[in-house]
Amino acid sequence: MNTILGIETSCDECSASIVRYHPATQGTPTRVEVVSLATFSQIQIHKPYGGVVPEIASRNHLESINPMIDKALQDAGIRPGDPESVGTIDAIAVTNRPGLVGALLVGVSAAKAMAYALGKPLVPVHHLEGHAVSVFLDREPDEGDLPLPLLLAIVSGGHTNLYVMKAPPELWPLDFLKRSLVGRSRDDAAGEAFDKTAKLLGFPYPGGVWIDKTAKHGGNPRAFELPRALPQKATYDFSFSGLKTAVALTAQKLQSSGELDRRLPDLCASIQEAIVDALLSKIYLAARNYGCRSVAIVGGVAANSRLRGRLESEWEKHGFAMPPQFPKMTYCTDNAAMIAAAGAFRFRQGHVLRGTDLMTLNAVANPEI
Ligand code: KG4
Ligand code: ZN
């Protein structure tokens, strides 16, 4: 069993978490137990600007990083000021790429200082690797392992990527984000498509959740015909930029006839359906062609109720051996528990920095993988 502290500050969530990693033993699957999770979300701070302001994000991370780390430690029964108690942590994992560089640097600096002072290994984690393993957090032992190959979709505000995973997460190679990728968005990410179209309709940032909520007020998903890009093409890639233009035109027409407010639920349901259709059609195509036996959707958009609902009613038809796997709601959006989990697997594989070497770790805004 390993105890890992995770730190995440790549965008607008300042988060720290303690997880316990129980490696598989005979008859018991791998378990990553979230012992504590403390997150300060800056969403309210950035709302008036309609998006995340990097400079403001860094300053707020600086203020909240120590309180979040202390809270995560305390909630896990670790005394922050007591070196012996904090010494029970085996390693410190931190998101160092990709993200807003000033925001990343706050978490990276805090993690470096702590690891160096405590003489503990430091584990650099790719933010997407955190999302990828979020589905394994707090799984019950009786839920068992996911049958392989696993089709993994990372669907967030910055990415829409499809991966085919042929091994369990503790064996994923360092470059799996590059090696296992089979499809991605050629322009906007799915979350970005939700946010940009929501902004056109006057909803606050981040808009995905508002589209989801408004569609639930009796919205008809077939009310408006909106484009689905690359439908018949033999590709697992996505394209969402055309949707924004179509929504802008539709909204303009409704506005000039004075119908926009009344038709908002219908329009939101139609936007949501266009994005969900695009995601599911490529997920099913990839799953069929790669013989995938399970499917997991992670990232902010995995919180979408229509995406969950449709996949939950359609998975059997598409040859999966078990129902679709989604992270628990708190692990869909950015959080440090997923970073600690990815760090736990890397720690086991020996991908760590120690002693003065750990001082070389830097934040990388746009790494190659
Ligand atoms: O993973 P995440 O927290 O941050 C990134 O790494 O991007 O994802 C944020 C994205 C935003 O675009 C947000 O609008 C979207 O997830 N999102 C949703 C829902 N909840 C969050 N999109 C659709 N429906 C939701 N319920
Ligand atoms: Zn994220």
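Nothing fancy with the numbering, it's 1 onward along the sequence. All ligand and atom numbering here is 1-based and tracks the order in the structure. In this text, all values refer to a predicted model and were calculated from it rather than measured experimentally.
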Candidate pair K71 and D75, rule salt bridge (charged side-chain N to carboxylate O under 4.0 Å, His left out), full reasoning: CA-CA 6 Å; K71 180 158 184 1; D75 291 354; 2.6 Å; yes
Please identify which atoms of ligand 1 are closer than 4.0 Å to at least one heavy atom of G158. 7 (O)
Hey, is ligand 1 close enough to E192 that some N/O pair sits below 3.5 Å? no
Over 60° means perpendicular and under 30° means parallel, so classify the ring planes of F203 and W210, tilted if in between. parallel
With a 4.0 Å cut-off on heavy atoms, is H127 in contact with ligand 1? yes
Let me see the working for Y205 and Y49 under ring pair (Phe, Tyr, Trp, His ring centres under 6.0 Å), right down to the final yes or no. CA-CA 8 Å; Y205 163 84; Y49 306 97; over 10 Å; no
For ligand 1, which is the ligand I care about here, please tell me if P206 has any N or O atom under 3.5 Å from one of the ligand's N or O atoms. no
R262/E259 salt bridge by N-O under 4.0 Å criterion: yes
Near A303, which atoms of ligand 1 are under 4.0 Å from a heavy atom of that residue? 20 (N), 26 (N)
Considering only heavy atoms, does D212 approach ligand 1 within less than 4.0 Å through its side chain, its backbone, both, or neither? side chain
Test the R308-F326 pair against the cation-pi criterion, namely NZ or CZ under 6.0 angstrom from the six-membered ring centroid and within 45° of the ring axis. yes
Atoms in ligand 1 with a heavy atom of H131 nearer than 4.0 Å: 1 (O), 6 (O)
Listing by chain and number, which protein N, O or S atoms are under 2.8 Å from the Zn ion (ligand 2)? H127 NE2, H131 NE2, D334 OD1
Considering only heavy atoms of D195, which atoms of ligand 1 have at least one such atom less than 4.0 Å away? 11 (C), 12 (O), 13 (C), 14 (O)
Apart from L105 itself, residues in the same hydrophobic cluster as defined by side-chain heavy atoms under 4.5 Å: none
Using a distance-only test with no angle check, is there a side-chain donor-acceptor pair under 3.5 angstrom linking S241 and D188? no
Can you tell which of G300, G208, G191, S305 gets a heavy atom nearest to atom 20 (N) of ligand 1? G300
Hey, does E13 come in under 3.5 Å of ligand 1, counting only N/O atoms on both sides? no
How far is atom 10 (C) of ligand 1 from its nearest protein heavy atom, and which residue and atom name does that atom have? G157 N, 3.6 Å
Within one Ile-Leu-Val-Met-Phe-Trp-Tyr cluster: I7 and F347, side-chain cutoff 4.5 Å: no
For D212 and S305, run side chain to side chain donor-acceptor pair (under 3.5 Å): C-alpha distance rounded to whole Å, both residues' side-chain angles, the deciding distance at 0.1 Å, then the answer. CA-CA 7 Å; D212 193 346; S305 63; 2.6 Å; yes
Pick from T333, V298, I211, V52: the one approaching atom 3 (O) of ligand 1 most closely through a non-hydrogen atom: T333
Closest non-hydrogen atoms of A302 and I297, given as atom of the first, atom of the second and distance, are CB-O, 3.4 Å
